[in-house]
Amino acid sequence: MRVNRISRARSRTAVGLSVAALAVGATTAAGPAVAQPKAAPAAAPSCSTAYKIEQKLSTGTTWRMCWHYESEAGLVLENISYQPKGEAQPIKVLTSAKLGQIHVPYDDGKAEYDDLTGAGFGQGLMKMAPGECPGGTIKTVKIPNAWDPQHPNVNGLCTTTRSRGHAYRMEADTGNKVFQTQGKDLLIYTVNKVGWYEYISEWRFQDDGTISMNIGATGSLSPGDYDAGDGRGWPIGKGAKAYATSHSHNVFWRLDFGLDGSSKNKVEQYDSVVSPPRNGNEGPTNKTTLTKVTKELAGDAANMRWWRVVSDTGKNKDDHARSYEIVPGATTKYLGRPFTKHDVYFTEYKKCEQFATDNLLNCGAGAGKSVDKYVNGQTLTHPIVWVNVGFHHIARDEDQQPMPVHWQGFSIAPRDVTAMNPLTPPELADQNGHVENGS
């Protein structure tokens, strides 16, 4: 049961209005950029001041982007660029980034929800108190086709900065100096209420170019779900009378890369295999192979497997193609539905494919309504990346009351975006590539 004492009744009329709003405001992809020998300068975010986010962190890195808000997906970030010190121009990373779905099936099989498209995620934007955005700014968001038309504006978008600890530490060769820097992040987040749950949707932009996407679930356990007498739940409270029903949170993110201002990005998969020692070697050998992903793919994480999205346009100062590596987070894969059986999907861009499940827009006769059906053998020229991270929530006594935040998410990390560590101190700026110490 998802409703609570303050949730509004859901109706197909409201959902229909939201679909219309999405059709009007859906993100369009940037067109192919003209190839340059190095990097194509990224244009400044094309949005008004109210919808622009620009933050220069104390370590010298600047992040720029635009934002808008959709009635189902909630916060959407667009035209995201990264400019560390030493780079003359912003480096375009993402054309758009947003949630693709939060799919919630219950273990007893009696309920299953698509929280974005079927349970009012976008409509449930919560007002934040100043203490929830320490040191930052809370922006006003106008909810499209608000279910409460008298109050469409919500002070619900926080932008702030935060320290994350060591960015690096290295003792100098002479032993009389330590190089160290404390890393700084730009944080952007909203809180969206769905039934008894409250989701913290967090985007973290680090000064080293890493972007982390996380969903934190908090709020309350639904009191209507203390009915797991079939042995699937967990006893909450005194004795063993009230069993909270276990369930899963399968969160999808949708990323439209635009590295160096071009939608023509390439996808590569790397796998490593360790073999026993042979030929008189002291230790095992490890061989890494590259597979170019040229067709749409439903990918599964595996030991020593990783993917990267590669710029078709720009190179760093060492003449290496810029790319971003997908770094999976901890996950519990849900095997109950075809669309949750894979960890990552690479699909060819279609404007109508906006949600990983229960896709609302009409993609034509015979088109699938979920991301597994989007994978149908098309050649990848403008890849969209869908990342699925699962969490199986078996409740515990500590989940009440209120429920501590449980996080799930992933990161994308720069790989050859800059020629050196973007936070390199000036004294070490000449140590690029093979460096030999003088005796």
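We use all heavy atoms of the structure for the numbers below, so side chains are in, but hydrogens, waters and symmetry mates are not. Please read all numbers here as calculations on a predicted model, not as lab measurements.
- For NZ of Lys85, the number of neighbouring non-hydrogen atoms (other residues, nucleotides, ligands) closer than 6.0 Å is greater than 12.
- For Thr332, the side chain to side chain contact (heavy atoms under 4.5 Å, CB included) partners two or more places apart in sequence, or in a different chain, are His392.
- With hydrogens and angles left out, the side-chain atoms of Gln400 and Glu398 include no donor and acceptor closer than 3.5 Å.
- For Phe391 and His406, the gap between ring centers is short of 6.0 Å.
- Residues Thr190 and Asn192 bring a donor and an acceptor atom of their side chains to less than 3.5 Å of each other.
- Screening residues 99-204 for disulfide (SG to SG under 2.5 Å), with sequence neighbours left out, gives Cys133-Cys158.
- Residues passing the side-chain hydrogen bond (donor to acceptor under 3.5 Å, both in side chains) test with Gln150, sequence neighbours excluded: none.
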Leu297 vs Tyr345, side-chain contact (heavy atoms from CB on, under 4.5 Å): CA-CA, chis, key distance, verdict: CA-CA 6 Å; Leu297 172 70; Tyr345 297 85; over 6 Å; no
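- Ion pairing between Asp271 and Arg305 holds under the 4.0 Å rule for side-chain N and carboxylate O.
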Candidate pair Asp318 and Asn432, rule side-chain hydrogen bond (donor to acceptor under 3.5 Å, both in side chains), full reasoning: CA-CA 9 Å; Asp318 282 347; Asn432 182 21; 3.0 Å; yes
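- Thr381 and Glu348 share a donor-acceptor pair across their side chains, judged by distance under 3.5 Å alone.
- With hydrogens and angles disregarded, a donor-acceptor distance shorter than 3.5 Å links the side chain of Thr331 to the backbone of Gly390.
- For Glu78 and Lys98, the salt-bridge test fails: no basic side-chain N is under 4.0 Å from an acidic carboxylate O.
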Asp185 vs Arg162, salt bridge (Lys or Arg N to Asp or Glu O under 4.0 Å): CA-CA, chis, key distance, verdict: CA-CA 5 Å; Asp185 300 343; Arg162 191 172 298 172; over 6 Å; no
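- A search for side chain to side chain contact (heavy atoms under 4.5 Å, CB included) contacts involving Lys184 returns Leu57, Ser58, Thr59, Ser163, Asp207, not counting sequence neighbours.
- Between Tyr197 and His247, the gap from one ring centroid to the other is short of 6.0 Å.
- The distance between the ring centers of Trp63 and Tyr82 falls below 6.0 angstrom.
- Contact check on Lys369 versus Asp358 returns no salt bridge, with no Lys/Arg side-chain nitrogen under 4.0 Å from an Asp/Glu carboxylate oxygen.
- Between Phe410 and Trp253, the ring planes lie perpendicular to each other; the angle is over 60°, past the 30° to 60° tilted range.
- Under the 3.5 Å distance criterion, the side-chain polar atoms of Ser262 are matched with a main-chain donor or acceptor of Lys264.
- For Asn153, the side-chain hydrogen bond (donor to acceptor under 3.5 Å, both in side chains) test picks out no residue, with sequence neighbours left out.
- The backbone N or O of Leu423 sits less than 3.5 Å from a side-chain atom of Asn421, completing a donor-acceptor pair.
- For the residue pair Tyr168 and Asp208, no side-chain donor N or O sits within less than 3.5 Å of a side-chain acceptor on the partner.
- Salt bridge Glu202/Arg204: present, at least one basic N to carboxylate O contact under 4.0 Å.
- Just one of Gln101, Glu112, Arg337 meets the side chain to side chain donor-acceptor pair (under 3.5 Å) condition when paired with Thr357; it is Gln101.
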Stepwise salt bridge (Lys or Arg N to Asp or Glu O under 4.0 Å) check, Arg254 with Glu353: CA-CA 10 Å; Arg254 181 185 184 276; Glu353 293 175 350; over 6 Å; no
Pair Tyr189-Asn214, side-chain hydrogen bond (donor to acceptor under 3.5 Å, both in side chains): steps then yes or no: CA-CA 10 Å; Tyr189 53 91; Asn214 296 291; over 6 Å; no
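- Phe252 and Trp386 have their aromatic ring centers separated by at least 6.0 angstrom.
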Evaluation steps, side-chain contact (heavy atoms from CB on, under 4.5 Å), between Asn388 and Thr340: CA-CA 7 Å; Asn388 169 33; Thr340 55; 4.2 Å; yes
Audit row: Phe355, His103, ring pair (Phe, Tyr, Trp, His ring centres under 6.0 Å) steps and yes/no: CA-CA 11 Å; Phe355 296 99; His103 168 252; over 10 Å; no
From CA spacing to verdict: side-chain hydrogen bond (donor to acceptor under 3.5 Å, both in side chains), Ser323, Arg308: CA-CA 6 Å; Ser323 72; Arg308 71 170 184 157; 3.0 Å; yes
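- The aromatic rings of Trp306 and Tyr270 sit parallel, their planes meeting at an angle under 30°, below the 60° perpendicular limit.
- Residues passing the side chain to side chain contact (heavy atoms under 4.5 Å, CB included) test with Thr159 are Ile53, Thr137, Lys139, Ile188, sequence neighbours excluded.
- Using a cut-off of 4.0 Å between Lys/Arg side-chain N and Asp/Glu carboxylate O, Glu87 and Lys92 are scored as not salt-bridged.
- Between the side chain of Thr418 and the backbone N or O of Met420, at least one donor-acceptor pair lies under 3.5 Å.
- Residue Asn303 qualifies as open at atom CG: its count of foreign heavy atoms under 6.0 Å is 12 or below.
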Derivation of the side-chain contact (heavy atoms from CB on, under 4.5 Å) call for Ile211 and Leu94: CA-CA 10 Å; Ile211 305 174; Leu94 290 162; 4.1 Å; yes
Working for salt bridge (Lys or Arg N to Asp or Glu O under 4.0 Å), residues Glu296 and Lys373: CA-CA 11 Å; Glu296 293 178 315; Lys373 302 298 184 183; over 6 Å; no
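- When every heavy atom of Tyr226 is checked against every heavy atom of Ala242, the shortest pair comes out as CD2-CB, 3.7 Å.
- Taking the six-membered ring for Trp and thresholds of 30 and 60 degrees, His249 and His393 have ring planes inclined between 30 and 60 degrees apart.
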Working for side-chain contact (heavy atoms from CB on, under 4.5 Å), residues Leu255 and Ile384: CA-CA 6 Å; Leu255 303 181; Ile384 299 296; over 6 Å; no
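- When each of Asn316, Asn265, Asp416, Asp260 is paired with Ser311, the side chain to side chain donor-acceptor pair (under 3.5 Å) condition holds for Asp260 and for no other.
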Verdict with supporting geometry, Asn145 and Ser71, side-chain hydrogen bond (donor to acceptor under 3.5 Å, both in side chains): CA-CA 7 Å; Asn145 297 299; Ser71 52; 5.2 Å; no
